[in-house]
2 protein chains.
Amino acid sequence: MEELEGNGASSVSSNEIGEKIWVGSHSVRKDISYIGEIGTVGSGYEIAKLKKHIGEKLGLNVERKACVVGLGKLGTAILQNEKLFSNNFKIVAGFDSSINKIETLVTHIPVYPAYDLADIIRKQGIELAVITVPGHASRDIIDRLVEGGIRGIVNFSSVPLHATYKEKVYVSNFDIAGEFRFLSALFTMEQQHHG
Amino acid sequence: MEELEGNGASSVSSNEIGEKIWVGSHSVRKDISYIGEIGTVGSGYEIAKLKKHIGEKLGLNVERKACVVGLGKLGTAILQNEKLFSNNFKIVAGFDSSINKIETLVTHIPVYPAYDLADIIRKQGIELAVITVPGHASRDIIDRLVEGGIRGIVNFSSVPLHATYKEKVYVSNFDIAGEFRFLSALFTMEQQHHG
DNA sequence: TTTTATCTGTGAAATATATCACAGATATTG
DNA sequence: CAATATCTGTGATATATTTCACAGATAAAA
Ligand SMILES: NC(=O)c1ccc[n+]([C@@H]2O[C@H](COP(=O)([O-])OP(=O)(O)OC[C@H]3O[C@@H](n4cnc5c(N)ncnc54)[C@H](O)[C@@H]3O)[C@@H](O)[C@H]2O)c1
Ligand SMILES: NC(=O)c1ccc[n+]([C@@H]2O[C@H](COP(=O)([O-])OP(=O)(O)OC[C@H]3O[C@@H](n4cnc5c(N)ncnc54)[C@H](O)[C@@H]3O)[C@@H](O)[C@H]2O)c1
């Protein structure tokens, strides 16, 4: 979108969108239609209008606060990469159980001891978290995140986490080793089908 | 599985598996049945046998080589975390375009300049790659990985990559910001449905 | 052995998702 | 203005995935 706007275009067709994201124009139209009739027959979708509508429906226009739990190698890499986050997500806190880590880490983002987790999340209204603690600690961490009222979690620890639907907390598991297994399975199955 | 074996159990029912991974016992049975009839009515699945069968069908018993492209913060975190990888995945190489990075990085895993990418992958038979270069470079990197005969890619760069089906290369995109957007969308939609 | 409990494998039914096809509205061209 | 090209929104169709229900096999108990 930004790319197209940069090129001076002010509207875009379902076909163009489809090509960009590798899906059929049918699907693009159908998906967009779920959030309302906002296209113009003959010319397509007005980009600014489309972005506004999607943003409103999906709550992407409001700024949301995020935190990182577990400031090891991976956690600090993410913490220090806030430029990666689009302007509606802000990492406002880091947590670790090791006081040593907290005291030695140099970053302009406030870092706290992990026992304050639930409290700080609640007080600051943090809605999103990235978990980068060792696997054995992740179960405990998610419980406390939920206790603090977290809404969404990206879990990098090697043990897959399931948030209970009842508590309305959504979690995505990012597991490199698991993904490697999945990818291997894909291409071995392909080979077994004779390739 | 290992957990259950540790407890002395030698077989497991679809029900028990389902509880562990939060899916219905129906689904467990159906999925397992796709790779053959290996269960025993009345007592369930013999764990050792089950693991062997799944491993063979999905190619998880053979050791596969992996590499990391882009040795920045994120890339080195992954490179230095090889304990994270189960014993059938081995990171055998790292790549970066900056000679400086390559020379200063301390690790026991060999690191190479990025222009050798395709060659080294082919010669060493590397099948899997993790991309952790800045977004603008990822398109080029994937082309060269494919050229070198890569089979699977986990892409951390912020631009989503699609491997062409024709070339039979599978890619998974791990995008934290994107996942945050997705999670936000989930819980805002829930709120709009009145919660 | 007989009875009862357990558990798999799978056809069938129910859902969900993706794809298609086209009426009808707008834009563009001459 | 008329004719043609473009493009959306959506009902209908097709495909895929989940869930269900149960026959029939094995194990355990009596
Ligand atoms: N750091 C994170 O937490 C994080 C999280 C999610 C995604 N990402 C994404 O991962 C990527 C890397 O993040 P980072 O924080 O490690 O950045 P970084 O700048 O620390 O590292 C990037 C590395 O890639 C190397 N590089 C650049 N061009 C290259 C090329 N053509 N070939 C080979 N190597 C090349 C650079 O020399 C550098 O070492 C970015 O796209 C970022 O958006 C980062
Ligand atoms: N490093 C990677 O590339 C990578 C990739 C994928 C997944 N992971 C997973 O991410 C997790 C972290 O990886 P890492 O390499 O950063 O490990 P790490 O050991 O460098 O960091 C773990 C950090 O978590 C902290 N911690 C431990 N228990 C805690 C608790 N109860 N509360 C708060 N903080 C606690 C530790 O003090 C440490 O700083 C691991 O589960 C790993 O399997 C890592």
Side-chain angles (χ1 to χ4, degrees), chain A residues 1 4-5 7-58 160 162-165 170 172-173 182 185-186 189-190 192-193, chain B residues 1 4-5 7-58 160 162-166 170 172-173 182 185-186 189-190 193:
Chain A
M1 298 286 182
L4 291 165
E5 275 181 324
N7 290 350
S10 72
S11 61
V12 59
S13 74
S14 55
N15 234 307
E16 295 171 277
I17 296 178
E19 271 172 25
K20 286 282 173 194
I21 60 176
W22 287 49
V23 300
S25 65
H26 328 96
S27 309
V28 173
R29 286 203 300 283
K30 183 135 248 180
D31 289 351
I32 292 179
S33 78
Y34 286 128
I35 63 168
E37 295 187 23
I38 55 179
T40 311
V41 179
S43 63
Y45 301 93
E46 205 184 312
I47 295 182
K49 197 170 165 187
L50 181 58
K51 279 165 69 173
K52 184 158 164 287
H53 262 84
I54 294 178
E56 273 170 13
K57 278 289 175 184
L58 267 42
H162 309 267
T164 68
Y165 177 72
Y170 301 96
S172 298
N173 294 295
F182 175 70
L186 283 183
M189 286 174 71
E190 173 204 308
Q192 282 169 2
H193 266 271
Chain B
M1 297 286 184
L4 292 165
E5 275 182 323
N7 290 350
S10 72
S11 61
V12 59
S13 73
S14 54
N15 233 307
E16 294 171 278
I17 297 179
E19 270 172 26
K20 285 281 172 197
I21 60 176
W22 287 49
V23 300
S25 65
H26 329 97
S27 310
V28 173
R29 286 202 301 281
K30 183 135 249 182
D31 288 351
I32 292 179
S33 78
Y34 287 128
I35 62 167
E37 295 188 21
I38 54 179
T40 311
V41 178
S43 64
Y45 301 92
E46 205 182 312
I47 295 183
K49 197 171 165 187
L50 181 59
K51 278 166 68 174
K52 184 158 163 288
H53 262 83
I54 294 179
E56 275 169 12
K57 279 288 175 184
L58 268 40
H162 308 267
T164 69
Y165 177 72
K166 208 172 114 233
Y170 302 95
S172 297
N173 295 295
F182 176 69
L186 281 183
M189 285 174 71
E190 173 204 309
H193 266 271

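Quantities reported herein were computed from a predicted structural model and do not represent experimental measurements. Just the heavy atoms: all of them, side chains too, but no hydrogens, waters or symmetry mates, feed the values below. Numbers restart at 1 for each chain; the letters A, B, ... are given by sequence-line order, proteins then strands.
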Novice: Rounded to whole angstroms, how far apart are CD1 on Ile32(B) and P on dT10(C)?
Specialist: 12 Å
Novice: Measure from CD on Glu19(B) to C1' on dC7(C) and round the result to the nearest Å.
Specialist: 14 Å
Novice: Taking atom P of dC7(C) as reference, at what distance in whole Å does atom CG of Leu50(B) sit?
Specialist: 15 Å
Novice: I want to verify a distance call: between dT10(D), dA12(C), dT8(C), whose nearest atom is closest to the Lys30(A) side chain?
Specialist: dT10(D)
Novice: Nearest whole angstrom, please: distance from the P of dG11(C) to the CZ of Arg29(B).
Specialist: 14 Å
Novice: Provide, to the nearest angstrom, the distance between the CD atom belonging to Glu37(A) and the P atom belonging to dA23(C).
Specialist: 18 Å
Novice: What nucleic acid atoms does Gly39(A) come within less than 4.0 Å of, heavy atoms only: base, sugar-phosphate, or nothing?
Specialist: sugar-phosphate
Novice: Can you figure out which of dG24(D), dT8(D), dT19(D) approaches the side chain of Val41(B) most closely?
Specialist: dG24(D)
Novice: Search all heavy atoms of Ser14(A) against all heavy atoms of Arg29(A) and return the closest pair with its distance.
Specialist: OG-NH1, 3.1 Å
Novice: Could you check how far CD of Glu46(B) sits from P of dT26(D), rounded to whole Å?
Specialist: 15 Å
Novice: Do the side chains of Lys52(B) and Glu56(B) get close enough for a salt bridge, i.e. N-O under 4.0 angstrom?
Specialist: yes
Novice: Between Val28(B) and Val12(B), does the side chain to side chain contact (heavy atoms under 4.5 Å, CB included) criterion hold? Intermediate values first, please.
Specialist: CA-CA 12 Å; Val28(B) 173; Val12(B) 59; over 6 Å; no
Novice: So, is Ser43(B) near the phosphate of dT8(C), with a side-chain N or O under 4.0 Å from OP1 or OP2?
Specialist: no
Novice: Heavy atoms under 4.0 Å, any strand shown: does Ser25(A) hit a base, just sugar-phosphate, or nothing?
Specialist: nothing
Novice: Is the phosphate of dA18(C) approached by Ser27(A) (side-chain N or O, under 4.0 Å from OP1 or OP2)?
Specialist: no
Novice: Begin with the C-alpha distance, continue with both residues' side-chain angles, and end with the deciding distance and a verdict on side chain to side chain contact (heavy atoms under 4.5 Å, CB included) for Val23(B) and Asp31(B).
Specialist: CA-CA 11 Å; Val23(B) 300; Asp31(B) 288 351; over 6 Å; no
Novice: Taking atom C1' of dA5(D) as reference, at what distance in whole Å does atom CG of Asn15(A) sit?
Specialist: 14 Å
Novice: Check whether any side-chain N or O of Tyr45(B) sits under 4.0 Å from OP1 or OP2 of dG9(C), and answer yes or no.
Specialist: yes
Novice: Ser33(A) has a side chain; which of dC7(D), dT8(C), dT10(D) sits nearest to it?
Specialist: dT10(D)
Novice: Ile38(B) or Asp31(A): which one's nearest nucleotide on DNA chain C is closer to the 5' end?
Specialist: Ile38(B)
Novice: Given atom CD1 of Ile21(A) and atom C1' of dA18(C), what is their separation to the nearest angstrom?
Specialist: 14 Å
Novice: State whether the number of non-hydrogen atoms from other residues, nucleotides or ligands found under 6.0 Å of Lys57(B) atom NZ is greater than 12.
Specialist: no
Novice: From the options dT26(D), dT8(D), dC20(C), select the nucleotide whose nearest atom is closest to the side chain of His26(A).
Specialist: dC20(C)
